[in-house]
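Chain naming here is simple, since letters A, B, ... match the order of the sequence lines and numbering starts at 1 in each.
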Amino acid sequence: MSVVLNFKSHISELFAHALREVAPDQVGATILIERPKQASHGDYACNLAMQLAKPLKKSPRDIAQVLINALPKSDVIEKVEIAGAGFINLFITKAAKQAIVHAVLHAGAGYGHLHLGGGRKVQVEFVSANPTGPLHVGHGRGAAVGDCLCNVLHAAGWNVTREFYYNDAGAQIENLMRSVQLRCKGVTPDDPSWPEAGYRGDYIGDVARAYMACETVEADDQRTTGKGDVDDVVAIRHFAVAYLRREQDLDLRAFNVEFDVFSLESALYSEGKVDETVSRLIASGHTYEQDDALWLRTTDFGDDKDRVMRKSDGGYTYFVPDVAYHLDKWRRGFVRVINEQGADHHSTITRVRAGLQALDVGIPKGWPDYVLHQMVTVLKNGEEVKISKRAGSYVTLRDLIDEVGCDATRYFLAARHPDSQLVFDIDLAKSKSNDNPVYYIQYAHARISTVLDIWGGERLELLQADVGLLDSEYETALLQQLIDYPQVIENAAQDLAPHLVAFYLKDLAAAFHSYYNASRFLVDDEAVKCARLALIAAAAQVMNNGLSLLGVSAPEKM
RNA sequence: GUGCCCAUAGCUCAACCGGAUAGAGCACCAGCCUUCUAAGCUGGGGGUUACAGGUUCGAUUCCUGUUGGGCACACCA
């Protein structure tokens, strides 16, 4: 019997065939195969007959019967039923389900890898914090969601580039430099002369101390040494950015997030890309001068008002280098770009897209894609935490990692739909109890590791297992979970929704825990033992694969 | 005032792009360890999917409006 790995697409093909036969003029109909919520409705269901009822002017149940008669033979299908208003319910044979065990064990870490992306390039830009302070919780959410999204896209067959863009030019850097300079001179934020917009966190003092002590920091493949000269604003600026870039890098490393490319706003200026973009926009005819400023008519492209490009003081507004940056991405061959950002930046989307359209260089209208995550609030002892010692006005990512660990932080920040506001409950994330989903999943993995350890046999033996012995309701449920995994990857990649992986893993762990409590694995009957161990080894493999997408470890012991 | 996001069990959240009886966990109640990890499992109660309309065979899902919460609305970034 041939092994079918993706029942959904297999069944979909069967129906496509039947549709061509039964209603050749309706081949445009979308064939949707779904998993019914109720087991009595089969393993998969198709609603095609109901869709066709109107155009064919026949009752759905009649059409369903005709479709079923035209379905090609398939040895993975046990039976087909018509139910309800005209649903076609399909039942998969036990043997086909059981075969998943060997499929998983053979594929190993590759199980769940798909070819949806076809090796095409996609760039995901995320975090992109300004180098003006430690990363905060919001950046943490961006890092967790973005990194997990990259992993999911990679698993789905995309060639992923992770990119971090940092604004090392512009007003906020001047502000940073001035704040550090003041600290160098001994002025502190509680001084009345401290600028309203100045940065007040303790870390500014650290930067100042390091600069005055002529320390050397390494960041972005460069070594920068403090000059100790309080009047050299260029040196202070350079050092402060390098110092904070290094600090952010360390935070990211502690969070197990790595980037392939760092892009600098300042480079867009020094390489002439900003000027070129401005020239192109002027040439495009979408700009005009007014009040000593240069404007882009973004209203031509759906914005609610036009935007200033060049201020009356001669400087460019933020969105100009942003457009230049995205033009650069396009030219680097990224036909697909996804920007993961905090929702507080959503207003830039229209502007950037408008700017790119105005360039008229063939960039598609909706390019690039965006994933916006909503705000994070941090809770401890039932109360909102708003400050940290180091940063002052916000909770840092480092605080969370130090307090609850990398695994739990990543899990909680990635396990929610990005569109929903997130409450990060520190007490929950720290709790080593069954209300903590991270431990729940990891515990399942550790239990399997222990059982396999006690067994002590060679993994290769499991490949010989007679999986036909896996027949209980618990085993069937677990088999079904393993079968569903690739579909989860597909959905997560398509919807840019990495949280689906987190929910899936909870379900997978639940199916295993139930099985564990209901059955013994290390039984006397060699064949049964082997079959059961093969199944849980496969489950552990999928847990491993899924957890690695989340960037969460899969411990052998707990 | 305008735009974007959200609203589902007491709490935290799901629901496979419109499907069949809306699901988990926590909390509450009642059970399960001389057995491979009880950080686990089994059972129970708990819902007008914020509200009001609309679209159709069928709506938590799509459309309109209302209410409530968040975010953004600079010649800031």
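Between the side chain of A/Asp304 and the base of B/rG3, no donor-acceptor pair under 3.5 Å is found. If you check distances only, the side chain of A/Lys8 does reach the base of B/rC16 with a donor-acceptor pair under 3.5 Å. A donor-acceptor contact under 3.5 Å is not formed by the side chain of A/Thr450 with the base of B/rC36. Checked by distance alone, A/Asn89 brings a side-chain donor or acceptor within 3.5 Å of a matching partner on the base of B/rA20.
Note on ring orientation: taking the six-membered ring where Trp is involved, the planes of A/Tyr394 and A/His136 are perpendicular (angle over 60°, cut-offs 30° and 60°). Aromatic ring pairs are classed by plane angle as parallel below 30°, tilted from 30° to 60° and perpendicular above 60°; the pair A/Phe503 and A/His499 is perpendicular. In this pair, A/Phe262 and A/Phe164 present their aromatic rings tilted. The plane angle is within the 30 to 60° band.
Counting non-hydrogen atoms under 4.0 angstrom, A/Asp291 reaches a base of the nucleic acid. Across all strands, A/Ala444 comes closer than 4.0 Å to no nucleic acid atom at all (heavy-atom distances). Heavy atoms of A/Lys54 sit under 4.0 angstrom from primed sugar atoms or phosphate atoms, though from no base atom. Nucleic acid contact class of A/Phe503 (heavy atoms, under 4.0 Å, all strands): sugar-phosphate only. Nucleic acid contact class of A/Gln421 (heavy atoms, under 4.0 Å, all strands): base. In this structure, A/Ala129 reaches neither bases nor backbone, as no heavy-atom distance under 4.0 Å exists between it and the strands shown. Across all strands shown, A/Met558 has heavy atoms under 4.0 Å from base atoms, whether or not it also approaches the sugar-phosphate. Counting non-hydrogen atoms under 4.0 angstrom, A/Ala518 reaches nothing in the nucleic acid. The residue A/Thr317 sits close only to the backbone: its heavy atoms come under 4.0 Å of sugar-phosphate atoms, none of a base. Counting non-hydrogen atoms under 4.0 angstrom, A/His513 reaches the backbone sugars and phosphates but no base.
One finds no side-chain N or O of A/Tyr440 lying less than 4.0 angstrom from the OP1 or OP2 phosphate oxygen of B/rC26. Contact annotation: A/Lys311 reaches the phosphate of B/rA77 (side-chain N/O to OP1 or OP2, under 4.0 Å). The phosphate of B/rA22 (OP1 or OP2) has no side-chain N or O of A/Lys37 nearer than 4.0 angstrom. For the OP1/OP2 pair of B/rA39 and a distance below 4.0 Å, the side-chain nitrogens and oxygens of A/Arg447 include no atom meeting the criterion. Of the side-chain N and O atoms in A/Ser420, none sit less than 4.0 angstrom from OP1 or OP2 of B/rC13.
When both distances must be under 3.5 Å, the Watson-Crick or G-U wobble mate of B/rG1 is B/rC73. When both pairing distances are held under 3.5 Å, B/rC41 makes a Watson-Crick or G-U pair with B/rG31. Checking B/rC26 for Watson-Crick or G-U wobble geometry (two distances, each under 3.5 Å) identifies B/rG10 as its partner. In this structure, B/rG46 forms no base pair with any nucleotide, since neither Watson-Crick nor G-U wobble geometry is met with both distances under 3.5 Å. The partner of B/rG19 is B/rC57, by the rule that a Watson-Crick or G-U pair needs both atom distances under 3.5 Å.
You cannot call A/Tyr516 stacked on the base of B/rG40; the centres under 5.5 Å and planes under 30° rule is not satisfied. Stacking is found between A/His41 and the pyrimidine-like six-membered ring of the B/rA20 base under the 5.5 Å centre-distance and 30° plane-angle cut-offs.
Classification of A/Glu461 and A/Arg459 as a salt-bridged pair fails, no side-chain N sitting under 4.0 Å from a carboxylate O. Between A/Lys329 and A/Glu163, none of the side-chain N atoms (NZ, or NE/NH1/NH2) sits under 4.0 Å from a carboxylate O, so this pair counts as no salt bridge. With salt bridges taken as basic N to acidic carboxylate O contacts below 4.0 Å, none links A/Arg141 and A/Glu340.
Applying the 90° cutoff around 0 to the glycosidic angle, B/rC41 is assigned anti.
If you take atom P in B/rG31 and the same atom in B/rC36, they sit 25 Å apart, rounded to whole Å. Atom P of B/rC73 sits at a distance of 26 Å from the matching atom of B/rC13, rounded to the whole Å. Rounded to a whole angstrom, the distance from the C1' atom of B/rU21 to that of B/rG10 is 24 Å.
For A/Leu372 and B/rC4, the CG to P distance is 13 Å, given to the nearest whole Å. A straight line from CG of A/Leu533 to C1' of B/rC36 spans 9 Å, rounded to a whole angstrom.
The number of heavy atoms from other shown groups lying within 6.0 Å of NZ (A/Lys57) does not exceed 12.
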